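Take a look at the structure set out below.
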Amino acid sequence: MRGSYLLVVLLEKDKTIKTKGREFRLMRGHYVYVGSAMNSLEKRVARHFSEHKKLHWHIDFLLKDAQLLRAYLIPSEERLEEKLSLEVAKYGEPVEGFGAGDVRVSTNLYRFDREPDETLTAILSGLGLEWKRVKSREEVIEFGGRK
């Protein structure tokens, strides 16, 4: 299945996240990461829920030190990552340069002072998108196996 996703992440204390070539000083709070997987949405998001993985993308380095609370799976043949990122940017504080190497936005990570779920569901509903909220690797795999 192809599509995009939103990850809701909790960083419990201020932290400097070091990736392969950058450092990001992040304040504690809730973060929303916008991503896409145009080959296998469920495998990509299941990977994000896995604790033991090779650190590759910026989000992998953040998830090493933060808690992935839930994900929103958004099946679509259209690549929606940029559109979703622009919508989330209207409500969250951008972390410049984080995880947006292949789109025309400056970031795919946004900080929120509180739980962003109401905002995210309003964005997704407003865009008329089908979506599913999941809280574990198992729920992602189950979603991917639906008929």
Side-chain angles (χ1 to χ4, degrees), residues 1-12 15 17 19-20 22 24 26-147:
M1 167 184 336
R2 298 172 184 262
S4 296
Y5 59 91
L6 304 171
L7 303 180
V8 178
V9 176
L10 176 62
L11 186 62
E12 293 185 346
K15 181 89 176 156
I17 303 298
T19 65
K20 291 177 184 173
R22 305 261 327 252
F24 299 92
L26 302 181
M27 295 174 17
R28 70 184 188 96
H30 287 85
Y31 287 83
V32 173
Y33 178 80
V34 182
S36 64
M38 299 313 288
N39 288 321
S40 180
L41 176 61
E42 57 275 39
K43 284 183 183 177
R44 174 69 57 85
V45 176
R47 180 186 183 284
H48 289 314
F49 276 105
S50 297
E51 288 189 28
H52 305 290
K53 60 187 167 243
K54 181 180 177 187
L55 302 179
H56 178 69
W57 292 289
H58 283 172
I59 190 63
D60 294 337
F61 293 88
L62 174 56
L63 292 176
K64 186 174 61 116
D65 293 311
Q67 181 183 2
L68 176 53
L69 300 176
R70 66 194 65 80
Y72 290 79
L73 304 172
I74 308 150
S76 176
E77 291 298 315
E78 178 186 352
R79 190 176 177 108
L80 298 169
E81 181 179 345
E82 193 170 310
K83 180 187 284 189
L84 288 167
S85 198
L86 289 169
E87 287 298 315
V88 174
K90 294 176 183 176
Y91 306 94
E93 177 186 333
V95 177
E96 294 300 321
F98 194 101
D102 57 349
V103 288
R104 293 176 295 171
V105 292
S106 63
T107 186
N108 273 339
L109 184 68
Y110 302 90
R111 184 182 175 281
F112 289 75
D113 287 326
R114 57 182 102 99
E115 285 273 356
D117 291 297
E118 268 186 48
T119 300
L120 298 179
T121 56
I123 288 170
L124 295 170
S125 296
L127 292 173
L129 297 171
E130 174 190 345
W131 55 274
K132 169 77 174 173
R133 183 173 34 216
V134 296
K135 295 181 180 179
S136 69
R137 186 175 191 282
E138 293 71 30
E139 284 185 70
V140 175
I141 292 167
E142 180 182 308
F143 178 76
R146 70 187 179 140
K147 301 289 182 219

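Since this is a predicted model, take the numbers as computed values, not measurements.
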Measure from the side-chain N and O atoms of [X] to the backbone N and O of [Y], and report whether any donor-acceptor pair falls under 3.5 Å.
X: Tyr31; Y: Arg28; result: no
X: Ser76; Y: Glu78; result: yes
X: Ser125; Y: Ala122; result: no
X: Asp60; Y: Trp57; result: yes
X: Arg111; Y: Pro94; result: no
X: Thr107; Y: Leu109; result: yes
X: Ser85; Y: Glu81; result: no

Can you list the steps and then say if Glu96 with Ser106 is a side chain to side chain donor-acceptor pair (under 3.5 Å)? CA-CA 6 Å; Glu96 294 300 321; Ser106 63; 2.6 Å; yes
If you round to the nearest 0.5 Å, how far is [atom2] of [Y] from [atom1] of [X]?
X: Ser4; Y: Arg79; atom1: OG; atom2: CZ; answer: 7.5 Å
X: Asp65; Y: Ile17; atom1: CG; atom2: CD1; answer: 4.5 Å
X: Leu6; Y: Thr119; atom1: CG; atom2: OG1; answer: 11.5 Å
X: Leu120; Y: Glu115; atom1: CG; atom2: CD; answer: 9.5 Å
X: Leu68; Y: Leu10; atom1: CG; atom2: CG; answer: 10.5 Å
X: Leu55; Y: Leu63; atom1: CG; atom2: CG; answer: 9.5 Å

Using side chain to side chain contact (heavy atoms under 4.5 Å, CB included) as the criterion, point out the one residue from Arg47, Glu139, Met1, Glu142 that pairs with Glu42. Met1
Tell me which one of Leu41, Leu80, Leu127 satisfies side chain to side chain contact (heavy atoms under 4.5 Å, CB included) with Ile74. Leu80
Could you check whether any side-chain heavy atom of [X] comes within less than 4.5 Å of a side-chain heavy atom of [Y], counting everything from C-beta outward?
X: Phe61; Y: Phe24; value: no
X: Gln67; Y: Val9; value: no
X: Tyr91; Y: Ile123; value: yes
X: Val88; Y: Asn108; value: no
X: Pro116; Y: Tyr110; value: no
X: Arg22; Y: Thr19; value: yes
X: Lys64; Y: Glu51; value: no
X: His30; Y: Leu69; value: yes

Do you know which two heavy atoms are closest between [X] and [Y], and how far apart they sit?
X: Arg44; Y: Ser36; result: NH1-O, 3.1 Å
X: Thr121; Y: Arg133; result: CG2-NH1, 4.0 Å
X: Ser50; Y: Arg137; result: OG-NE, 3.1 Å

What is the ring orientation for Tyr33 with Tyr5, classed by angle as parallel under 30°, tilted 30 to 60°, or perpendicular over 60°? tilted
Would you call the rings of Trp131 and Tyr72 parallel, tilted or perpendicular, taking 30° and 60° as the class edges? tilted
Any Lys/Arg nitrogen of Glu77 or Arg2 sitting under 4.0 Å from an Asp/Glu carboxylate oxygen of the other? yes
Answer yes or no: is there an ion pair linking Arg70 with Asp117, defined by an N-O contact shorter than 4.0 Å? yes
For Lys53, I'd like to know if atom NZ has over 12 heavy atoms of other residues, nucleotides or ligands within 6.0 Å. yes
Lys90 vs Glu87, test: salt bridge (Lys or Arg N to Asp or Glu O under 4.0 Å). Steps then yes/no. CA-CA 6 Å; Lys90 294 176 183 176; Glu87 287 298 315; 3.0 Å; yes
Where do Leu7 and Val32 land on the side chain to side chain contact (heavy atoms under 4.5 Å, CB included) test, with the steps shown first? CA-CA 5 Å; Leu7 303 180; Val32 173; over 6 Å; no
